[in-house]
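Take a look at the structure set out below.
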Number of protein chains: 2
Amino acid sequence: MAHSPKRKLFLDLVLSLFRLNGLLVAEGDRMAEALGLTSARWKVIGVVALAHSGVTVPGIARALGQSRQAVQRITDVMEQDGLLRYQDNPEHKRSVLVCLTDRGQEVYTALRAVQDPWAIDNTEDVPLEELETGLQLVRRLIYKFDR
Amino acid sequence: MAHSPKRKLFLDLVLSLFRLNGLLVAEGDRMAEALGLTSARWKVIGVVALAHSGVTVPGIARALGQSRQAVQRITDVMEQDGLLRYQDNPEHKRSVLVCLTDRGQEVYTALRAVQDPWAIDNTEDVPLEELETGLQLVRRLIYKFDR
DNA sequence: GTCAGAATGACAACATGCTGCAAAACTGGT
DNA sequence: ACCAGTTTTGCAGCATGTTGTCATTCTGAC
């Protein structure tokens with residue numbers, strides 16, 4: 001059993017994923033730095049920007065697959081920094097909606113101007129099919145573990 | 001440029017990788033819990049166990065692609081817990097070698113008894129070729145970012 | 001042998017993630 | 001309308017990772 005060919009492949013993959021995660025966080029920090037953001041805030045502003053109608057903090061957490069508290073702490077700081085604002089939620093007295101401020105929108109636009117070329121540069125020499133298969137595998141594993 | 005087909009694919013992949021990373025850490029914690037370990041200690045004990053002859057703390061950090069301090073803190077705790085021991089390094093007066101204690105070896109063996117079936121179970125329904133392509137992609141990205 | 005530069009250890013500050021708990025607000029079945 | 005169960009908030013504690021700084025040790029070029 002220990003010699004299953006997939007076993008070592010999978011364990012190598014898991015270790016490599018840990019490492020790649022660290023490198024991607026560093027990349028995010030590097031890209032977001034000039035805009036006064038960090039990797040974690042980059043993730044949050046992305047979710048808020050794509051949900052034009054406002055999302056709740058637990059909603060962001062679910063979208064990112066993270067804990068509510070981790071997101072709450074970041075949105076609190078970003079609200080202090082004037083990137084996000086909290087807006088009354090007609091559907092829930094306590095759970096406010098998170099929206100971009102004008103400045104938040106500007107920062108997100110500037111972020112896209114860095115992030116999109118980054119994405120294109122880094123896939124230039126990667127076959128489309130490899131990206132598709134890789135994404136399929138990652139999603140398959142998420143589905144497997146996310147219960 | 002913003003409509004490059006690979007751009008969205010890659011950004012989706014990056015977000016999915018962040019999420020998968022969190023799930024894998026949780027899986028590691030779950031597996032290691034019964035052995036009194038955590039995900040971070042699991043990574044460290046794996047590196048030490050595979051390097052039968054002893055490795056230095058910065059060596060472990062390089063193998064994991066992490067900072068020296070992150071590893072140092074963990075090895076210090078594991079040394080207190082009797083899983084690792086520090087041994088004089090004939091090649092360097094200050095930089096000691098990290099080795100498994102007998103108890104550390106036992107724990108690693110017990111870990112394998114959990115980890116290996118876990119790896120096999122989770123790849124049962126994944127085509128071998130998908131694993132190979134996925135690992136190739138991850139390694140390609142690591143190589144791209146790790147400078 | 002000497003000396004500049006790299007590697008290492010120790011300490012500290014900080015960012016990001018998790019969990020647990022209690023109280024308030026919402027939801028849905030009766 | 002009521003009540004049980006779920007969701008959300010706020011607070012607290014902790015694990016893990018990063019960076020920065022300084023002193024010590026090693027290394028290699030000269």
Side-chain angles (χ1 to χ4, degrees), chain A residues 17-30 32-33 36-45 47 54-81 86-98 145-146, chain B residues 17-30 32-33 36-45 47 54-81 86-98 145-146:
Chain A
L17 285 172
F18 285 142
R19 184 160 191 178
L20 179 55
N21 181 73
L23 292 170
L24 284 174
V25 170
E27 284 288 304
D29 284 339
R30 188 183 56 71
E33 189 179 17
L37 293 179
T38 61
S39 186
R41 295 168 202 196
W42 166 53
K43 296 186 214 173
V44 168
I45 206 174
V47 173
V55 276
T56 63
V57 167
I60 300 172
R62 279 187 297 267
L64 292 176
Q66 282 185 347
S67 75
R68 179 180 58 82
Q69 280 304 338
V71 173
Q72 182 80 60
R73 190 166 29 186
I74 291 170
T75 57
D76 284 349
V77 177
M78 292 176 77
E79 195 254 346
Q80 290 294 315
D81 289 351
Y86 294 136
Q87 174 182 309
D88 276 355
N89 185 351
E91 319 239 318
H92 197 299
K93 223 172 259 184
R94 291 188 77 193
S95 192
V96 295
L97 292 177
V98 182
F145 295 128
D146 191 14
Chain B
L17 285 172
F18 284 142
R19 184 162 192 175
L20 179 56
N21 181 74
L23 292 170
L24 284 174
V25 170
E27 283 288 305
D29 284 338
R30 188 182 56 71
E33 189 179 17
L37 292 180
T38 61
S39 186
R41 294 166 203 199
W42 165 54
K43 296 186 214 172
V44 169
I45 206 175
V47 173
V55 277
T56 63
V57 166
I60 301 172
R62 279 187 295 267
L64 291 177
Q66 282 184 348
S67 75
R68 187 166 50 81
Q69 287 77 352
V71 173
Q72 183 78 60
R73 188 163 36 186
I74 291 171
T75 57
D76 284 349
V77 177
M78 291 176 78
E79 193 254 347
Q80 289 295 313
D81 289 352
Y86 294 137
Q87 175 182 306
D88 276 354
N89 184 352
E91 318 242 317
H92 197 299
K93 225 172 254 184
R94 293 186 77 194
S95 192
V96 294
L97 293 176
V98 182
F145 295 129
D146 193 12

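As the structure is a prediction and not an experimental result, all values here were calculated from the model. All heavy atoms count here, side chains included; hydrogens, waters and symmetry mates do not. Chain A is the first sequence line, chain B the second, and so forth, proteins listed ahead of strands; every chain is numbered from 1.
- B/R30 has no carboxylate O lying under 4.0 Å from a charged side-chain N of B/E33, or vice versa, which leaves the two without a salt bridge.
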When you compare the protein's N or O atoms with those of nucleotides 10-13 of chain D, which come within less than 3.5 Å of each other, and at what distance?
from: D/dG10; atom 1: N7; to: A/R68; atom 2: NH1; distance (Å): 3.4
from: D/dG10; atom 1: N7; to: A/Q69; atom 2: NE2; distance (Å): 2.9
from: D/dG10; atom 1: O6; to: A/R68; atom 2: NH2; distance (Å): 2.7
from: D/dC11; atom 1: N4; to: A/Q69; atom 2: NE2; distance (Å): 2.4

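- Remark: side-chain polar atoms of A/D29 are paired, donor with acceptor, to backbone N or O of A/S39 under 3.5 angstrom.
- If you check every strand for non-hydrogen atoms under 4.0 Å, B/A70 touches a base.
- Atom C1' of nucleotide D/dT16 and atom CD1 of B/I74 are separated by 6 Å, given to the nearest angstrom.
- Interface residues of residues 19-28 of chain A facing DNA chain C, ordered by number: none; criterion, heavy-atom separation under 4.0 Å.
- Distance CE (B/M78) to P (D/dA15): 14 Å, rounded to an integer number of Å.
- For DNA chain C, the contact window with chain A, defined by any atom under 4.0 Å from a protein heavy atom, covers C/dT16 to C/dC26 in 5' to 3' order.
- The residue A/T38 sits close only to the backbone: its heavy atoms come under 4.0 Å of sugar-phosphate atoms, none of a base.
- Going from atom CH2 of B/W42 over to atom C1' of D/dT16 covers 15 Å, rounded to whole Å.
- Counted by atom type alone, B/D76 and B/Q72 present one or more donor-acceptor pairs between their side chains at under 3.5 Å.
- Not one side-chain nitrogen or oxygen of B/S67 sits closer than 4.0 Å to the OP1 or OP2 atom of D/dG17.
- Residue-to-nucleotide proximity on DNA chain C shows that, of B/V96 and A/Q66, the 5′-proximal contact is made by B/V96.
- Side-chain nitrogen and oxygen atoms of A/S95 include at least one within less than 4.0 Å of the OP1 or OP2 phosphate oxygen of D/dT9.
- When the side-chain hydrogen bond (donor to acceptor under 3.5 Å, both in side chains) test is applied to A/R62, no partner is found at least two apart in sequence or on another chain.
- When the side-chain nitrogen and oxygen atoms of B/S39 are compared with OP1 and OP2 of D/dA15, none of them lie within a distance under 4.0 Å.
- Between B/R68 and B/V57, the shortest heavy-atom distance links the atoms O-CG1, 3.8 Å.
- Between B/I60 and B/V55, the shortest heavy-atom contact is CG1-CG2, 3.7 Å.
- Rounded to an integer number of Å, the gap from A/I60 CD1 to D/dT7 P is 18 Å.
- Residue B/V77 is out of contact with every strand shown, counting any heavy-atom pair closer than 4.0 Å.
- Between the axis at the start and the axis at the end of the helix from C/dG1-D/dC30 to C/dT30-D/dA1 there is an angle of 40°, using five pairs per end and rounding to 10 degrees.
- Whole-Å rounding puts the B/F18 CZ to D/dG17 P distance at 15 Å.
- Residues passing the side-chain hydrogen bond (donor to acceptor under 3.5 Å, both in side chains) test with A/N89, sequence neighbours excluded: none.
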